[in-house]
Number of protein chains: 2
Amino acid sequence: MARRRRTLCALTSGSLGVPLPSRKPADAAPAAVARPRLTVMRDVAKLAGVSHQTVSRVLNNHPNVRQETRERVLEAMRSLNYRRNLAARTLVTRQSDTLGIIGFETTLFGPASMLYGIESAARDAGYMVSIASVRDLDRKQVLEAVDRLTQHSVDGVIAIAPKQSVTHALAQAPPSLQCVAVGGSGESDAAPTVSIDNAAGARLATQHLLDLGHATVHHAAGPADWPESVERIEGWRRTLYAAGAVVPPVEHGWWDAESGYAQGRKMAADPAVTAIFCANDRIALGVLRALHEAGKRVPEDVSVVGFDDMPDSGFFVPPLTTVHQDFGELGRRSLALLLEHMTSSPTADPQPPDRVLVTPQLVIRTSSGPSPAL
Amino acid sequence: MARRRRTLCALTSGSLGVPLPSRKPADAAPAAVARPRLTVMRDVAKLAGVSHQTVSRVLNNHPNVRQETRERVLEAMRSLNYRRNLAARTLVTRQSDTLGIIGFETTLFGPASMLYGIESAARDAGYMVSIASVRDLDRKQVLEAVDRLTQHSVDGVIAIAPKQSVTHALAQAPPSLQCVAVGGSGESDAAPTVSIDNAAGARLATQHLLDLGHATVHHAAGPADWPESVERIEGWRRTLYAAGAVVPPVEHGWWDAESGYAQGRKMAADPAVTAIFCANDRIALGVLRALHEAGKRVPEDVSVVGFDDMPDSGFFVPPLTTVHQDFGELGRRSLALLLEHMTSSPTADPQPPDRVLVTPQLVIRTSSGPSPAL
DNA sequence: ACCAGTTCTGTGAACGTTAACACGCGCACC
DNA sequence: GGTGCGCGTGTTAACGTTCACAGAACTGGT
């Protein structure tokens, strides 16, 4: 565990208001004595026979540079292998071409995909991304993350923020810092939000099962305090209600297969259950196993539908019918929204939207079939 | 698709040597006219009745500050809600407290977990991380990523780099930039590497199956050009060889369930196959499904062992015996190694190691059992 | 030839921090 | 009572950009 040369910021910076005094304890090694002296604008300028300002203009695509001069400068840059010093530029312009991402549970497929979607879109737009993970979504940790990102002077923040507490915390960020939340709820009271239309997805799944002749549809739900979970429950419930079907009771769990297995065992024991809509594919995996162990065939005895369309859900036993969620698109859209908010002046005419919904799609495989009652 | 205000760097910067002329096309909005004038050292200094340099000393934990003065300064910082401007600091010290990560396939569980492991360890060590994803692992893209990170003056780079081409590319990075590769091969010719002991893992799995009485073990392999895959094949092959067992032919595939399914179907058709070691859990999922469809029971007829221990592999049908890989640890170790390389002077006595191996562990569940021949 | 209006280019001053050095003070040591 | 040293502090100069302004070099019309 090499934690040398700097103290733990987490410990030294007690409250948020206190800047972190860290780094370079007394015994630090003396700074490298011979600075490498990298090539800077002045060098390029000298070689090209112009002033540093002209070099700057070329770099920033300023129109008022003679074509011939521009080429001479570009040639000089090339031959010196010049790269502009972004720190200096950030110092004066106060923008770093860097975006911050607040990540939560980024080891899971969904968040990881959003992260990737954001990052590649950001690169195409000329931005770098820095990431600050949080272990929990409480206000304190989120604000700490915002603070860390602010210190590194990011131009904007995207929070992969599946819970309300985050958008609330975001509202406390310095107003000059644009924030966008992605994933999670739509009740965008605080920050602009991009998310999937969870209710629509749930409707798709539930209606599909009703259409197959099932009298009603049971639901293996996610955690009670996650908006995504709540919205899926709502969508499911409303669809049943609209169809005049009984709405079975809901039991909350976590997002993993273990939770699905637990819920699945209970449902497998109930002969009235012929169709199960699962809050995500991992839960579905657990349900599938529980049904298998109970000797129920899928889809002959019980139909199962998931949510997410994880990479391998087409290879579950049997291949899972599920609601496809385009996480990459979610990421890209959130980046686009952030950029819009960043560039539009507060008084601009077309205010960017505060809420973007991405529509999910049903992917029908073999885990769903006609009701055995038919 | 909001890509306003800046041109696409990817397009304008043809070769690597050319700095990117981007941003602010002629019609750019004039810079914000009223700069907010944030609080800086001088403000703190004035309030505390000292010079800015003393403030700097307090911030950097310099020992030569009287306790009473230090407290007055800290108090001033607190009351002004001062935060140090990292861009200015980076400009003069040439270190940014930021590390770069080159990510590949970060939507998958393994890389995503490493990313997370690196990020949290980095935070504890006082570093921010910036991420640069690459779509492919060819030299060009990797060098481009390094270049992007360099421009943002990262202090070091960790490459989630499962292929040789990456470490080779890394070797071409500016020598002042410390690089570490994580995951992938151990043939660390180019850059220091942290990886799992794939051969040992494969040995664990294979030996486990042999010990269960299987005459030999078949292998559902990963891609031929990935060192991780190759090392697992080697470990498997050597174990069989040492036991005097027949070494069945190997067919290469990809890392996903689809590939496992394809390989599994062929194996299911071969009655001689009683034990299958899969290059990862996703392949195992496909194999499991193929066996199930062919009417083979697991583990009664055929035993299956995976690699990775993905989150839900304990809920496959049946629960998968697999080789557990601690991705988070991998990330932490790679960070530690990078930090060691960064801080140790080239002439220092204890040179940091160039190769760190993390030992995997066998997790026995129910997909593996005694050979049916017994 | 002159002036006004562009277009192009250069000069000097920020930006907010750390590095290098100089200074004054108190203390110990001959 | 110097001399030397360590401590605490202040002054000045970097670091490599961009911004604001001034000036030079071209236009084109009289």
Side-chain angles (χ1 to χ4, degrees), chain A residues 19 21 23-24 26 28 30-46 48-73 77 80 82-97 151-153, chain B residues 19 21 23-24 26 28 30-46 48-73 77 80 82-97 151-153:
Chain A
R23 340 187 58 258
K24 269 206 197 119
V33 96
R35 291 211 182 180
R37 232 342 238 107
L38 39 113
T39 59
V40 303
M41 271 195 181
R42 210 181 24 249
D43 305 328
V44 176
K46 192 184 296 176
V50 296
S51 75
H52 64 117
Q53 177 59 9
T54 299
V55 177
S56 172
R57 276 192 270 259
V58 169
L59 223 39
N60 295 321
N61 270 354
H62 193 94
N64 289 356
V65 178
R66 217 187 342 156
Q67 184 59 23
E68 192 249 337
T69 314
R70 181 187 304 275
E71 266 155 26
R72 220 167 56 234
V73 169
M77 292 200 290
L80 291 177
Y82 167 77
R83 348 238 75 181
R84 129 209 288 172
N85 182 324
L86 250 22
R89 155 189 256 265
T90 299
L91 179 57
V92 45
T93 62
R94 292 188 194 187
Q95 43 160 264
S96 56
D97 287 11
Q151 285 227 0
H152 285 261
S153 56
Chain B
R23 344 186 55 260
K24 270 206 196 119
V33 95
R35 291 212 182 179
R37 230 345 236 109
L38 38 112
T39 58
V40 302
M41 272 193 177
R42 210 180 26 247
D43 306 327
V44 176
K46 192 184 295 176
V50 296
S51 74
H52 64 118
Q53 177 60 4
T54 299
V55 178
S56 171
R57 277 192 269 257
V58 170
L59 222 41
N60 295 321
N61 271 353
H62 194 94
N64 290 355
V65 179
R66 216 183 347 151
Q67 184 58 24
E68 193 248 336
T69 314
R70 181 186 306 274
E71 268 155 23
R72 219 167 57 235
V73 170
M77 292 200 290
L80 291 177
Y82 166 78
R83 349 238 75 180
R84 133 211 283 174
N85 182 323
L86 248 24
R89 157 190 254 265
T90 299
L91 179 58
V92 46
T93 61
R94 297 197 189 178
Q95 38 161 267
S96 57
D97 287 9
Q151 285 227 359
H152 286 259
S153 56

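Sequence lines set the chain letters: A, B, ... in the order given, protein chains first and strands last, and positions in each chain run from 1.
- Contact detail for B:Gln151 and A:Arg84: the closest heavy-atom pair is OE1-O, 4.3 Å.
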Listing time: all N or O pairs from protein to nucleotides 22-28 of chain D that are below 3.5 Å?
none

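- Distance A:Leu86 CG to D:dT18 C1': 13 Å, rounded to the nearest Å.
- Regarding contacts with the backbone of D:dT18, every side-chain N or O of A:Arg94 stays at 4.0 angstrom or more from both OP1 and OP2.
- Applying the salt bridge (charged side-chain N to carboxylate O under 4.0 Å, His left out) test to B:Arg72 and every residue at least two apart in sequence or in another chain returns B:Glu68.
- B:Leu91 places its CG atom 13 Å from the C1' atom of D:dA13, with the value rounded to the nearest Å.
- When side chains are defined from C-beta on, B:Arg66 does not count as touching B:Thr54, because their heavy atoms never get closer than 4.5 Å.
- Taking atom CE of residue B:Met77 and atom C1' of nucleotide C:dG16, one finds them 15 Å apart after rounding to whole Å.
- Applying the side chain to side chain contact (heavy atoms under 4.5 Å, CB included) rule to A:Gln53 yields the partners A:Ser51, A:Ser56, A:Arg57; only residues at least two apart in sequence or on another chain are considered.
- The distance from atom CE of B:Met41 to atom P of D:dT11 is 16 Å, rounded to the nearest whole Å.
- Once rounded to the nearest 0.5 Å, the distance linking OG1 of A:Thr39 with NZ of A:Lys46 reads 12.5 Å.
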Quick test: give all pairs of protein nitrogen or oxygen and nucleotides 4-9 of chain C nitrogen or oxygen below 3.5 Å, distance rounded to 0.1 Å.
residue: C:dT9; atom: OP1; partner: A:Arg66; partner atom: NH2; Å: 3.2
residue: C:dT9; atom: OP1; partner: A:Thr69; partner atom: OG1; Å: 2.5
residue: C:dT9; atom: OP2; partner: A:Arg66; partner atom: N; Å: 3.0

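- Taking the side chain of B:Thr93 as heavy atoms from C-beta on, and the options D:dT17, C:dT11, C:dT18, the nearest nucleotide is C:dT18.
- Taking CG from A:Leu86 and NE2 from B:His152, the interatomic distance works out to 4.5 Å, rounded to the nearest 0.5 Å.
- In this structure, A:Gln95 atom CD and C:dC15 atom C1' are separated by 14 Å, rounded to whole Å.
- Contact annotation: B:Asn60 reaches the phosphate of C:dT18 (side-chain N/O to OP1 or OP2, under 4.0 Å).
- Contact between the side-chain N/O atoms of A:Arg84 and the OP1/OP2 oxygens of D:dT18 is found at a separation under 4.0 Å.
- Five base pairs at each end of the helix from C:dA1-D:dT30 to C:dC30-D:dG1 define two local axes, and these are offset by 50° (rounded to 10°).
- When the P atom of C:dA14 is taken as reference, atom CG of B:Asn85 falls 17 Å away, rounded to whole Å.
- Contact check for A:Val40 versus A:Asn85: no side-chain heavy atoms found under the 4.5 Å cut-off.
- Nearer to the 5' terminus of DNA chain D, by closest-nucleotide assignment, is the contact made by B:His52 (compared with the other of B:His52 and B:Ala88).
- One distance of note links CG of B:Asp97 with OG1 of B:Thr90; it measures 7.0 Å at 0.5 Å rounding.
- Among A:Asp43, A:Val44, A:Thr69, the single residue meeting the side-chain contact (heavy atoms from CB on, under 4.5 Å) criterion with A:Val55 is A:Val44.
- In this structure A:Ser96 satisfies the side chain to side chain donor-acceptor pair (under 3.5 Å) test together with A:Asp155, sequence neighbours excluded.
- For B:Tyr82 and C:dT17, the OH to P distance is 3 Å, given to the nearest whole Å.
- The CD atom of B:Gln53 sits 17 Å away from the P atom of C:dG16 (whole-angstrom rounding).
- You'll find the side chain of A:Asn60 reaches within 4.5 Å of the side chain of A:Arg89, heavy atoms only.
- With sequence neighbours left out, the side chain to side chain contact (heavy atoms under 4.5 Å, CB included) criterion links B:His52 to B:Met41, B:Ala45.
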